[in-house]
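Structure first, commentary second.
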Amino acid sequence: MSETIDIAALGGVKEGEKKRPRSKDRRLEIACQSVEDRLKNYDEVALGYSPAEAVAEAMRCLECPKPRCVVACPVHIDIPTFIGHVSRGHFVGAAEDIRKYNNLPAVCGRVCPQENLCEAACIINDTNPKNPIAIGRLERFSADWQFGHSERRADSVAKAPATGYKVAVIGSGPAGLSCSADLAKMGHTVHLFEALHKAGGVLMYGIPEFRLPKAIVQKEVEYVQALGVQLECNAVVGRTMPVQEVLDEFDALFVASGAGYPNMMGIPGENLNGVYSANEFLTRVNLMKAWKSDVGTPIRKPRRVVVVGAGFTAFDVVRISLRLGAEEARIVYRRSREEMPGRGEEIEHALEEGAIFTLLTNPVRYIGDDNGFVKAVEVQKMELGEPDSSGRRRPVPVRDSNYIIECDTVVVSIGQTPNVLIPSNLPGLATRWGSVIKVNRETYMSTVPKVFAGGDAITGAATVILATRAGREAARSIDGYVRDPNRGWYPPAV
Amino acid sequence: MYRITGKKVLATGVVEMTIEAPRVAKAHKPGQFLMVMNREDSERVPLTIADSNPETGEVTIVFLEVGRSTIELGEEFQVGEDLFAVLGPLGTPTHLDKVGTVVVIGGGLGVAPIYPICKGLRATGNRVVTIIGYRRKDLMFWDDKLRSASDELIVTTDDGSFGMKGFVSDALKKLHDEGRPMDRVVAIGPPVMMRAVAELTRPWEVPTTVSLNTIMIDGTGMCGGCRVGIGDETKFVCVDGPDFDGHKVHWDEMFARMKVYQKEEREAIASSPSCRLYFETLKR
Ligand SMILES: Cc1cc2nc3c(=O)[nH]c(=O)nc-3n(C[C@H](O)[C@H](O)[C@H](O)COP(=O)(O)OP(=O)(O)OC[C@H]3O[C@@H](n4cnc5c(N)ncnc54)[C@H](O)[C@@H]3O)c2cc1C
Ligand SMILES: Cc1cc2nc3c(=O)[nH]c(=O)nc-3n(C[C@H](O)[C@H](O)[C@H](O)COP(=O)(O)OP(=O)(O)OC[C@H]3O[C@@H](n4cnc5c(N)ncnc54)[C@H](O)[C@@H]3O)c2cc1C
Ligand code: SF4
Ligand code: FES
């Protein structure tokens, strides 16, 4: 499938030539579907770089000898080296290089909050402000190129000889996938249990198609399977089989069950029809494909939507609502724009698509009609007080500031916590707040022998890259453990 | 993967199906349910596990063809074919402690799910008095199975075409009026029936367990779509239930929440050929 890349025509560095970085150029924007078009479909909004664009952007990179971006990247991808490959036309080489550090480049290139990570650290910000190298877009380009232009075959991956050790992984989100892949490469027998009917975790049921095409997630899942990992869907560990049974059958267990329990605010009217948790709304639309007309799972077409919160989830919900034809889609958030935790590009895209931001405002109750459907939300204005434990200024209610916003749909997107199913079925497993599993942050070992955990299950809702990293680091630790269970393994710092 | 090994029409629109799902069959306890997906693009439909056989790895479901997914399952799928997904067992099992005499009530489709509960309650040493109710004689099913699983069986039909004429709640009231022992009541069936039973037993102060069938999506505690008010708390039916104290359920909220998708469900039926056909046959 490989095709010859004429690097001179693309404006890159030729064989034997020296790179002359053009760091003064502006960062290259990524082509996107027009706002008008994208509101009518579910297709990916950001279209990706062409080879010429990727090379042009890569030509800006200084390939620093002491790169700050690498330090800032949670998995320490060798960024200058991979970008160097791109600027020399070695696109597959670039992808292979990234894969040494990150098991999910096509995913992370799309969804990592790069503006707070690698791109925030890029030295070009110092001389050419707001124009760091578009590292995420180049990562995505390289990974997509590899998918399209080389047979990335699992059987060509250097796999260690079979060790005979058996490891069970619970949950097929980024943490579980990444851990399974690495353990399989190390030669272990890996069984991956997934509760839902499709593998991928939040990548499948949470993040919408227009940000992360499901075909890409499935390619990564298929790759992990091709490495020899046994995937078993429709298996809720703790229900379909007792946790103890899995523990008895395997030499080690990695719990990557994520943070899937939706938080609600506990204010009056939350059980009215038309009030959803973000998870219900997203699951209906993404996993069950309710946006298509010919599937079994329905969704009520929202007309006026209030989305409570301003994280990744809230922006996904507001943008889905606009695609479902909502006339008005509003983010209601108790802090201000600066404190919004969502990803920069998504906030921009949501604004372009017509989302309304009602900031420094918090709901106090939902009001229903005679049939039990929500018809309005009463909100209260807020102002920012002293910084709280997260360092952000704490919102405090403004007295006598309540007013009514009419709506027919409310989506509560104020975060998720881990599910208690596994902790409550595994005696001795220490947790924080009953659900967040405590582990030793170096070994990922929990308080129960043989049991390791990582990803959102140990942090609460975080990011894809942190989950991917946890999976990889835990795999290393599990590898050591199964080979020598009696070495000094440390319980979690309690 | 999930092969259909048996299928029987018990009454008009009521289908009994056995499915190969070894893990589910092995782990099943009375009161638990499973989720079925007919095909990859189908809904996830919650159905109570009416029986299970850990040896053969089979589970039994009994369902009423009411909408798109259940009609497709009943009309389009035959023995030997595979279902896309079967997930379970889900939910918290029914408490089966020994309390003395338990009156177990199954209304309509609720007759199927009470079968494992009657067996389980008897196994722990309870005396089980079972009341099952149907609209008409020709809609009766599993009365023989229930008879074998109970110490005493009372059958009611709405029109009196078999057994006692009236509702299951009438039979329950009669037992109470006769001063029969009643340490606990378990009622499964249409929500109106469960509410009627709970309202009857409230003044008698007899602990009453009902099994709620809210709308569900994942069935694993992830979406909150199944939530309902119980006392002063909000509970997720799929993980905290489906069994709840009938005296604490917020019935009005429960009824309202079941109606959310009525309009969309009618549209779904209209867009499915086998559903249209099914309803035309019914009309004839
Ligand atoms: C809507 C939304 C948008 C997001 N957007 C971004 C973004 O743009 N960028 C970013 O970096 N992060 C984003 N995040 C956060 C990110 O997706 C998560 O931090 C990440 O997916 C966590 O990975 P994980 O592997 O720990 O868990 P998950 O992805 O949650 O996967 C856990 C899996 O375990 C399964 N499971 C749970 N319990 C059991 C059990 N008992 N038995 C079997 N299986 C079980 C679940 O079904 C699930 O598939 C977003 C999150 C959401 C909800
Ligand atoms: C824990 C649990 C156990 C159940 N056990 C059984 C069983 O053993 N046998 C059986 O026949 N049915 C059972 N049900 C109900 C069954 O799930 C619904 O009848 C089914 O989902 C309807 O799907 P449909 O697409 O065929 O109909 P739809 O077109 O979706 O709906 C038709 C009608 O069914 C109601 N309905 C839709 N979804 C649900 C739902 N999830 N729960 C309840 N009512 C719903 C609608 O309000 C509507 O009136 C159970 C439900 C739950 C939650
Ligand atoms: S800090 Fe910026 S310029 Fe330096 S290597 Fe990283 S991406 Fe390239
Ligand atoms: S069905 Fe989703 S939480 Fe119960």
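In what follows, every chain begins at residue 1, and chains take the letters A, B, ... in the order their sequences are listed.
In this structure the side chain of A:T417 reaches within 4.5 angstrom of the side chain of A:N263, judged on heavy atoms. In this structure, B:F77 and B:R39 have side chains that are in contact, with non-hydrogen atoms separated by less than 4.5 Å. A 4.5 Å side-chain heavy-atom check between A:P363 and A:I267 finds at least one atom pair inside the cut-off. Side chains of B:E253 and B:V228 form a contact here, defined as non-hydrogen atoms less than 4.5 Å apart. Under the 4.5 Å side-chain criterion, counting only non-hydrogen atoms from C-beta, A:V410 is in contact with A:Y366. Side-chain contact between B:V79 and B:T18 is absent, with no heavy-atom pair separated by less than 4.5 Å. Considering only heavy atoms from C-beta on, A:V374 stays 4.5 Å or farther from A:E270 through its side chain.
For A:K375, the NZ atom sits in a loose shell: 12 or fewer heavy atoms of surrounding residues, nucleotides or ligands are nearer than 6.0 Å. Within 6.0 Å of the CD atom in A:E406, the count of heavy atoms belonging to other residues, nucleotides or ligands does not exceed 12. Residue A:E378 places its CD atom among more than 12 non-hydrogen atoms of other residues, nucleotides or ligands, all under 6.0 Å distant.
Of the residues considered (A:G368, A:G372, A:G260, A:S277), A:G260 shows the highest number of contacts with chain B, using heavy-atom pairs under 4.5 Å. Interface remark: of the candidates B:A27, B:C223, B:G88, B:C223 forms the most heavy-atom pairs closer than 4.5 Å to chain A. Ranking B:E40, B:H28, B:M35 against chain A, the residue ahead of the rest is B:E40, based on heavy-atom pairs under 4.5 Å. Taking B:D218, B:L87, B:T220 one by one and counting their heavy-atom pairs under 4.5 Å with chain A, the maximum is reached by B:L87. Of the listed residues A:L287, A:L282, A:N271, A:N279, the one with more heavy-atom pairs under 4.5 angstrom with chain B than any other is A:N271.
The contact between A:A235 and chain B is made entirely by backbone atoms, counting heavy-atom distances below 4.5 Å. Contacts of A:Q416 with chain B are absent, with no heavy-atom separation under 4.5 Å from either backbone or side chain. For B:K29, no part lies near chain A; criterion is any non-hydrogen pair under 4.5 Å. Heavy atoms of A:F281 lying under 4.5 Å from chain B are absent altogether. With a threshold of 4.5 angstrom between heavy atoms, A:V275 approaches chain B through its backbone and through its side chain.
Among B:S211, B:P113, B:P89, the one residue that satisfies the side-chain contact (heavy atoms from CB on, under 4.5 Å) test with B:T48 is B:P113.
Residues of residues 196-204 of chain A that come closer than 4.5 Å to chain B, counting heavy atoms only, are A:L196, A:H197, A:K198, ordered by residue number. The stretch residues 231-252 of chain B places B:T234, B:F236, B:V239 near chain A, each with some heavy atom under 4.5 Å from a heavy atom of that chain.
For the pair A:V246 and A:F193, the tightest heavy-atom approach, listed with the atom from each and the gap, is CG1-CE1, 4.1 Å.
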- Applying side-chain contact (heavy atoms from CB on, under 4.5 Å), run through B:Q78 and B:K7 and close with a yes or a no. CA-CA 7 Å; B:Q78 308 306 335; B:K7 182 180 168 185; 3.3 Å; yes

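Salt-bridge formation is not detected for the pair B:E199/B:R195: no Lys NZ or Arg NE/NH1/NH2 atom is positioned less than 4.0 Å from an Asp or Glu carboxylate oxygen.
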